[in-house]
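Order of the sequence lines fixes the chain letters, A, B, ..., with proteins taken first and strands second; residue numbering starts at 1 for each chain.
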Protein chains: 2
Amino acid sequence: MPARTRRGEVGVVDLARELGVSTATVSRALNGSAQVRPELARRIRDHARDRGYVANRHARALSSNSSRAFVGFVIPYVDTPAYSAVAAQCARLLSADGTQMILTITENDPRRELDQIRDLVATRVAGMVVSPSTGILAGTRELLRELPVVQFHRSCGIDAPGVYSDDTALGDAVTRLVDLGHRRIGYIGPSRAISNGAARLAAVRDGAAAAGLDPDSLAVRLLEPATDQGAGAVRELLHRADRPTALVVGGGTLSLAVARAVRASGLRLPGDLSLVVYGDPAWFALHDPPLSVVSIDYPELARRAARLLLDRIGGDSSGDVLLTSELHIGGSTGPPPPGA
Amino acid sequence: MPARTRRGEVGVVDLARELGVSTATVSRALNGSAQVRPELARRIRDHARDRGYVANRHARALSSNSSRAFVGFVIPYVDTPAYSAVAAQCARLLSADGTQMILTITENDPRRELDQIRDLVATRVAGMVVSPSTGILAGTRELLRELPVVQFHRSCGIDAPGVYSDDTALGDAVTRLVDLGHRRIGYIGPSRAISNGAARLAAVRDGAAAAGLDPDSLAVRLLEPATDQGAGAVRELLHRADRPTALVVGGGTLSLAVARAVRASGLRLPGDLSLVVYGDPAWFALHDPPLSVVSIDYPELARRAARLLLDRIGGDSSGDVLLTSELHIGGSTGPPPPGA
DNA sequence: GTGAAAGCGCTAACAG
DNA sequence: CTGTTAGCGCTTTCAC
């Protein structure tokens with residue numbers, strides 16, 4: 001044991017002794033209980049500050065079996081801003097509330113997910129934001145039932161509100177492409193096993209239907225998110241005899257991979273192929289021409305998640321939040337090539 | 001109080017009673033103390049598992065005044081992968097150790113930083129990784145002296161090991177540019193008030209000197225990181241009569257801004273201007289031509305930070321880790337324009 | 001309004 | 001090897 005022995009920490013007992021009052025009074029004063037003579041309360045608080053008193057959160061959490069001292073944030077992946085940046089943003093917002101955020105990564109592994117969520121429960125977190133893994137276990141659902149939970153990006157069918165992106169902009173993209181004259185449109189997106197994968201595919205199909213194109217005519221390739229197998233899908237799609245004249249991508253990591261593969265294919269945008277990707281327009285604007293992008297406001301997503309969680313911990317039972325995605329038209333969308 | 005009353009949690013006392021042993025024995029068995037009859041230990045563990053026992057981390061932390069149950073991770077910004085992705089990655093690695101990571105964001109505000117670090121101390125974290133704010137307060141340094149700390153990206157001169165990127169590749173970039181014939185080279189990087197800003201500037205100057213170019217002849221613009229004021233700096237540099245024939249950027253967020261501004265300027269790369277940016281080559285490869293990039297291996301950085309922290313908590317006093325950055329030559333670097 | 005005392009759930013001496 | 005007994009530092013009845 002590397003022994004951080006007893007440091008010279010001051011505790012409530014010290015404060016109480018030094019002020020000639022009881023620990024109960026100190027505690028009350030420090031927690032703003034109205035039932036302490038204001039004058040005394042102020043003296044206690046001042047003294048606490050002077051002595052550099054910092055309450056031990058474990059003792060506090062242990063004693064008052066409820067506190068919003070900690071919350072959990074559970075995400076599957078680390079290497080996409082859709083998760084890690086939103087998590088960080090959320091930590092920022094929660095800290096304003098004096099709440100510490102414990103971040104855990106499941107790597108989309110149901111087993112780890114269960115372990116981590118169990119550990120969070122063991123920490124008596126006041127609640128948690130969770131982006132469920134694809135094959136969430138029954139035991140995990142069970143655990144989640146026991147405390148305030150907010151789902152995020154993905155839903156796993158438990159009775160908890162969530163913050164999701166409404167990906168209709170993907171549908172708008174398809175509609176727009178059809179309007180431009182495209183008939184053979186490819187879609188590469190995350191697996192439908194993930195709730196948002198399913199939602200995005202649905203949006204794309206709806207967009208086609210809305211423009212009068214048979215959704216079943218779409219060339220669809222669904223992949224695990226956060227893999228760069230997008231390249232393979234692109235090559236496959238573009239080497240068909242009736243290759244699509246337009247491609248829509250429904251995921252951030254996939255989009256990067258697809259953009260690179262398309263670039264490698266030598267096709268001209270938008271002359272030979274139209275392309276709409278998913279993610280941060282600022283980055284995709286590096287491309288020449290700037291890519292048309294479906295984007296979602298991550299900071300806002302984080303804000304809503306944080307607020308929803310705090311509401312829920314506070315007992316308010318709010319409903320889902322659906323954040324509208326936006327279609328930014330760049331230079332990569334145009335009419336299909338004449339011969340097509 | 002939103003009252004998560006007493007849920008039907010099982011505790012050591014329950015296990016002890018049900019098994020007809022003492023809580024001490026249960027505790028020992030559960031913590032793998034060798035001084036329990038193996039047969040009994042196994043029975044206890046099995047029973048604990050069957051009952052779905054999960055130890056209350058607060059009680060544990062409170063009792064054994066040392067534990068690696070929690071660590072802190074303190075970063076200034078949320079919107080750059082240099083921080084948020086590394087933090088997430090670190091959380092992933094630490095969880096394998098059963099350690100929960102509390103993430104906090106200072107927004108580079110010394111006051112918040114102090115508050116947050118004080119709160120982490122109040123949580124009795126076993127240690128923390130911290131990327132200090134620019135104007136860190138004396139009180140904060142004081143606090144950091146009291147527990148195992150690993151510095152990250154930035155150093156604040158306390159006596160704690162750190163994980164840094166060795167940005168000599170920035171110097172290599174400059175050397176290379178000089179070798180290509182460039183004499184007027186601009187550098188846009190993070191303020192020297194930040195330790196890594198200073199280090200990068202030094203690397204750039206060293207690179208110039210190594211190639212026989214007077215470091216003082218560099219056109220240097222230092223900015224706050226994570227702002228997009230890069231655009232202004234670019235316009236200013238490129239509108240001078242003796243505008244640089246090459247530009248090197250020493251920060252991720254700055255790089256994006258600079259790349260966009262250069263693009264807007266209409267200058268051809270590398271014909272009119274050579275450009276070397278800082279960040280993820282995969283993203284900057286979207287640019288046409290693909291930008292030459294100085295990059296650093298963030299996952300590895302996270303790995304080293306996690307390991308260093310655990311070592312340090314374990315009592316090992318290891319030294320700094322310097323991770324070598326790499327220069328990826330893309331298509332944005334070439335000889336200066338003939339007339340220059 | 002304030003104090004005394006009983007825990008929160010666990011670990012760690014100290015005995016046996 | 002195992003049980004008894006104190007706490008860890010705080011909150012919270014319950015009296016006064």
Among C/dC10, D/dT12, D/dC10, which is the nearest nucleotide to the side chain of B/Tyr53? C/dC10
Side-chain atoms of A/Leu40 come closest, of C/dG9, C/dT2, D/dC10, to C/dT2
Is any side-chain N or O of B/Arg37 closer than 4.0 Å to OP1 or OP2 of D/dC1? no
A/Arg57 meets the salt bridge (charged side-chain N to carboxylate O under 4.0 Å, His left out) criterion, sequence neighbours left out, with B/Asp119
Sorted by number, residues from residues 43-50 of chain B placing a heavy atom under 4.0 Å from DNA chain C are none
Is the phosphate of C/dG3 approached by A/Ser22 (side-chain N or O, under 4.0 Å from OP1 or OP2)? yes
Going by the rule salt bridge (charged side-chain N to carboxylate O under 4.0 Å, His left out), which residues pair with A/Asp109 if we only count those two or more places apart in sequence or in a different chain? A/Arg112
Side chain of B/Ser63: nearest nucleotide among C/dG3, C/dT11, D/dG3? C/dT11
Partners of B/Glu18 by salt bridge (charged side-chain N to carboxylate O under 4.0 Å, His left out), sequence neighbours excluded? B/Arg51
Using the salt bridge (charged side-chain N to carboxylate O under 4.0 Å, His left out) criterion, which residues pair with A/Arg92? Sequence neighbours excluded. B/Glu107
Length of the CZ-P vector between A/Arg60 and D/dT11, whole Å: 4 Å
Roughly what angle, to 10°, lies between the helix axis at the start of the helix from C/dG1-D/dC16 to C/dG16-D/dC1 and the one at its end, five pairs per end? 30°
Which residues share a side-chain contact (heavy atoms from CB on, under 4.5 Å) with A/Ala82, sequence neighbours left out: A/Thr80, A/His153, A/Tyr298
List the residues meeting side-chain contact (heavy atoms from CB on, under 4.5 Å) with A/Arg45, not counting sequence neighbours, and say none if there are none. A/Leu30, A/Ala41
Mind checking ring-ring contact (aromatic ring centres under 6.0 Å, His included) for B/Phe70 and listing every partner two or more places apart, or none if nothing turns up? A/His58, A/Phe70
Ion pair A/Asp311/A/Arg307, N-O distance below 4.0 Å: no
Report the residues that fulfil side-chain contact (heavy atoms from CB on, under 4.5 Å) with B/Asp159, sequence neighbours left out, ordered by chain and then residue number. none
Strictly below 4.0 Å, N to O, side chains only: are A/Arg43 and A/Glu39 in salt-bridge contact? no
Using side-chain contact (heavy atoms from CB on, under 4.5 Å) as the criterion, list what pairs up with B/Arg141, not counting sequence neighbours. B/Ile136, B/Arg145, B/Ile158
Within residues 23-33 of chain A, which residues have any heavy atom lying less than 4.0 Å from an atom of DNA chain C? A/Thr23, A/Ala24, A/Thr25, A/Arg28
